[in-house]
Amino acid sequence: MLCLRMVRWALMKDESSVPLPQLPDPYEPLIILYERGGEFPVEHGYATFLPWRLPLEPREKYLTSEPGISLESAALDALDEEKSI
């Protein structure tokens, strides 16, 4: 389902006759997760980003003006290293 939504988002950006606001791609973090071999199972009200689990709360709870973590490769490499210890 998420992959289908990613494709639809990409098509909408490319084919829209209405100018869209300059926002970051909402699916980029998920693409990075998959590219790095991560998983995204959702069960029993939790989203699992191995090794972390987050409760599925209303999206307003997670909205902030700053990202929770950096998506830069060096920062993600450090998290991967921390996870493997």
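Computed from a predicted structure; not experimentally measured. Note that the numbering runs from 1 along the sequence shown for the chain.
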Inset, instruction - With rounding to the nearest 0.5 Å, note down the distance linking CE in Met12 to CZ in Arg5. - result: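 Interatomic distance, Met12 CE to Arg5 CZ, rounded to 0.5 Å: 13.0 Å.
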
Inset, instruction - Output the distance between atom OH (Tyr27) and atom CZ (Arg8), rounded to the nearest 0.5 Å. - result: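 One gets 9.5 Å once the value is rounded to the nearest 0.5 Å.
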
Acceptor/donor pairs from residues 71-78 side chains to any protein atom, 3.5 angstrom cut, sequence neighbours excluded:
residue: Asp77; atom: OD1; partner: Arg36; partner atom: NH1; Å: 3.4
residue: Asp77; atom: OD1; partner: Arg36; partner atom: NH2; Å: 2.7

Inset, instruction - Check side chain to side chain contact (heavy atoms under 4.5 Å, CB included) between Val7 and all other residues, then give those that pass, not counting sequence neighbours. - result: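 Once residues adjacent in sequence are excluded, the partners of Val7 under the side chain to side chain contact (heavy atoms under 4.5 Å, CB included) criterion are Leu11.
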
